Every structure is written in C-alpha cells, then in structure tokens.
Number of protein chains: 2
Amino acid sequence: MKNKDIIEKLLNKRLKVTPQRIAVMEAIEGLKNHPTAEKITGFVKIHHPNIATGTVYKVLETFVENKLVAKVKTEKDVMRYETHSEVHHHLYCSESDRIEDYEDEDLNILLKEYFNKKKLRNFRISDIRLQIIGKFTNNNSIKN
Amino acid sequence: MKNKDIIEKLLNKRLKVTPQRIAVMEAIEGLKNHPTAEKITGFVKIHHPNIATGTVYKVLETFVENKLVAKVKTEKDVMRYETHSEVHHHLYCSESDRIEDYEDEDLNILLKEYFNKKKLRNFRISDIRLQIIGKFTNNNSIKN
DNA sequence: ATAATTGCAAAAGCTTTGCATGGCC
DNA sequence: GGCCATGCAAAGCTTTTGCAATTAT
C-alpha cells in the first residue's frame, strides 16, 4: 500500500524502482522532524544492513533533483530532508533541533499580495519560505 | 576609523581585542555576498598569512555567540556569515550562490500583524525570516 | 541488451579539538 | 599575573567520488 505509493512516485518521475530507493523514501517518511542524512542512513541500515552509505547519499541527491524530497535549511550546519509537498514554512526551536511545518493559506495569500504590490526590481520570485524561530511551550503539535 | 568601530564592538561585548578578531571582522565586512567560512579564512590569510585557520573558526564561533555576526542558512549545505544587524530577510538566487539582504519595514509590520492575529499555540515567536528564492534579472542591487 | 544503479572503500572537504605558547587586561 | 586567545597539527565527521559488479526496464 504505502510501498505502492512510493513506487508510483518513482515511476512518475521516470526513475527506476530499486529496493534502495524505496528504503530511503520509507526512512524519510518514517522518521519525523526532518531527519538529517545521517539519521536516514541509520534508519536504512537497520532495515537493510546491506545498503551502502554512499548509495543513500546518491539516492537523496536523485530525490532532491527530482523534487521528491526537499532540503531544509537549519540554523546549524546540518542539512535536513523532508518529503516534498505543498508550499509550507517552518517553525524552528531555538533551544533544540526540533523543526515543524507551518502551513497557512492566509499567510501565503498575504505574502503574494505584498510582493505583487512591492514589485522587486531585478528579481523574479519563484518561492518564499518563512523561518519562524522561537520556543515550543509544550510537546504538542502547533496545529490548531 | 573602521578599525576603531570594530574595537568598540568588541569592547561592548567585553571581548578581548586581538589582531585576529579584527582581521576576521574586516574580512566579513570586506567580503560581500555573505561569505563562507572558507572565503573568510582565505581573505584573512591574504592579509595576515600567520593567522591560523582554526583560529578563524574559533573567532567566528565567538562572534556568533556574541551576536556580532550571524549565520545565514542556504539551500546548499555551506554555512555563510554576515555582520549582525537589523532584522532582515534574504533573497537567494536559485541559479548561483548570490545572496542579498532584503529589508522592508512594511513587510515586518505585515508579518507582525499576521502573527498577532493568528496566535500560534504552543509556540512563542522570537524571530521571523523570509527566504525569498528566485532569479536575479541583472547584476544590480535589488534596492529601489 | 544496455543504460542506470549499487556497493565498497578511499579520498575529499570542512570544521573541531587539544595543548603548549603567547598576548591582552 | 592570570586568564583568555592563538597556532599548529592531528583527528573527526559528513559527504563525495570512482569503478567494477549488479540490476531494472
């Protein structure tokens, strides 16, 4: 079922379906909080000890190129990954490595309107992302 | 003159004034486009060949801790630095490594109002930054 | 069949660390 | 003088690379 979805994603991008690619995609989906490459290789190795680290990196690169996953920028210097989806923003905890998604259509509209009015010279906007930095006041999700 | 300012910055933070720290600050200010640590060490070494790479990293760390400079997150996996200043946002070129600052008080007000209304649960916002991704259509500054 | 992907292991960054030396306050 | 910062070089980590062997289409 879930496997079937992954296979479909790969086929849609005309990528070959390999056990390694499925394993990496499962890892990113299975791990929450926007895992680092290392977390991903760790997860993959637990479930498939025979998959090489270098392969995981190559698969990640392929996924990013094909927009199946996206890189997330952090305050720190480690790259994180997430399965690619709608436009969304991120809440960064300033005291831990927690990252959560923030999606809100009103916000997107607001930004779009703002930049339509503002009209930056010499720059064509393709994407806008907010980094909302602060502190989580409990362990629950932020979602309303 | 400029040197004097740097010294003052350091003293304000109760940091010892050393030639190495001055050199690193000069490098960040001299290099445009939010230099990487490597660019900074390169610049420093040209002007002061005797300053060690490790020292530059230590100085950068000290500066970041003391909020004299800030790290800038990029799409890629390299960390960039900038002299710390007012709240501002960044324009990222999707086709090169160019980064420019974007400041606009209207935008800040807009965001503040939005989040005042929205009231995220379980999260206290301390800072908001926009990553505006797109293409520069010429080589000039974006500033109006 | 054949072109792409993988595994392996080595190498390549970039960054950090430890400690003795030297320099700022 | 005392403590902090520096230089140096080694080690650490994550990520990349090359190539032969394997696999998907």
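Only a predicted model underlies this, so the values are computations on that prediction, with no experimental measurement involved. Side-chain atoms are counted along with the backbone in the values below, which use heavy atoms only and exclude waters and symmetry mates.
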Exercise for the section: Would you mind building the protein contact string for nucleotides 18-25 of chain D? One character per nucleotide, 5' to 3', B for base within reach (heavy atoms under 4.0 Å), S for sugar-phosphate only, - for untouched. Expected result: BB----BS

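- More than 12 heavy atoms of other shown residues, nucleotides or ligands fall within 6.0 angstrom of atom NZ in A:Lys45.
- Across residues 45-53 of chain B, not one residue has a non-hydrogen atom less than 4.0 Å from an atom of DNA chain C.
- Within the 4.5 Å cutoff, no side-chain heavy atoms of B:Lys58 are placed close to those of B:Gln20.
- A:Leu10 has its CG atom 10 Å from the P atom of C:dT6, to the nearest Å.
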Problem - From CA spacing to verdict: side chain to side chain contact (heavy atoms under 4.5 Å, CB included), A:Leu120, B:Leu91 - result: CA-CA 10 Å; A:Leu120 298 191; B:Leu91 301 166; 3.6 Å; yes

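- A side-chain contact (heavy atoms from CB on, under 4.5 Å) with B:Phe43 holds for exactly one of B:Ile28, B:Leu31, B:Val24; it is B:Leu31.
- Between B:Glu26 and B:Asn3, some side-chain heavy-atom pair lies under the 4.5 Å cut-off.
- Straight-line distance from the CG atom of B:Asn66 to the P atom of D:dA5: 9 Å, rounded to whole Å.
- In this structure, A:Lys39 places its NZ atom 17 Å from C1' of D:dT15, rounding to the nearest Å.
- One axis for each end of the helix from C:dA1-D:dT25 to C:dC14-D:dG12, each built from five base pairs, and the angle between them comes to 30° at 10° resolution.
- C:dC24 atom C1' lies 16 Å from atom CZ of B:Arg14, rounded to whole Å.
- Residue B:Gln20 places no side-chain N or O under 4.0 Å from the OP1 or OP2 atom of D:dA5.
- Ring orientation note: the planes of B:Tyr114 and A:Tyr102 are nearly perpendicular, at an angle over 60° on the 30°/60° scale.
- For B:His89 and B:Asp101, the side-chain atoms include no donor-acceptor pair closer than 3.5 Å.
- Within the 3.5 Å criterion, the main-chain N or O of B:Lys16 finds a donor-acceptor partner in the side chain of B:Arg21.
- We find that A:Asp106 and B:Lys117 are not joined by a salt bridge, their nearest charged nitrogen and carboxylate oxygen being 4.0 Å or further apart.
- Looking only at side-chain heavy atoms (C-beta outward), B:Leu130 and A:Leu111 come within less than 4.5 Å of each other.
- Spacing between atom CD of B:Glu61 and atom C1' of D:dC4 amounts to 14 Å, rounded to whole angstrom units.
- Going from atom CG of B:Leu60 over to atom P of D:dT6 covers 11 Å, rounded to whole Å.
- At whole-Å resolution of the value, CD in A:Glu38 and P in D:dT14 are 3 Å apart.
- No donor-acceptor pair under 3.5 Å is formed between the side chain of B:Asn66 and the backbone N or O of B:Leu68.
- Remark: A:Tyr57 is in phosphate contact with D:dT15, judged by side-chain N or O atoms under 4.0 Å from OP1 or OP2.
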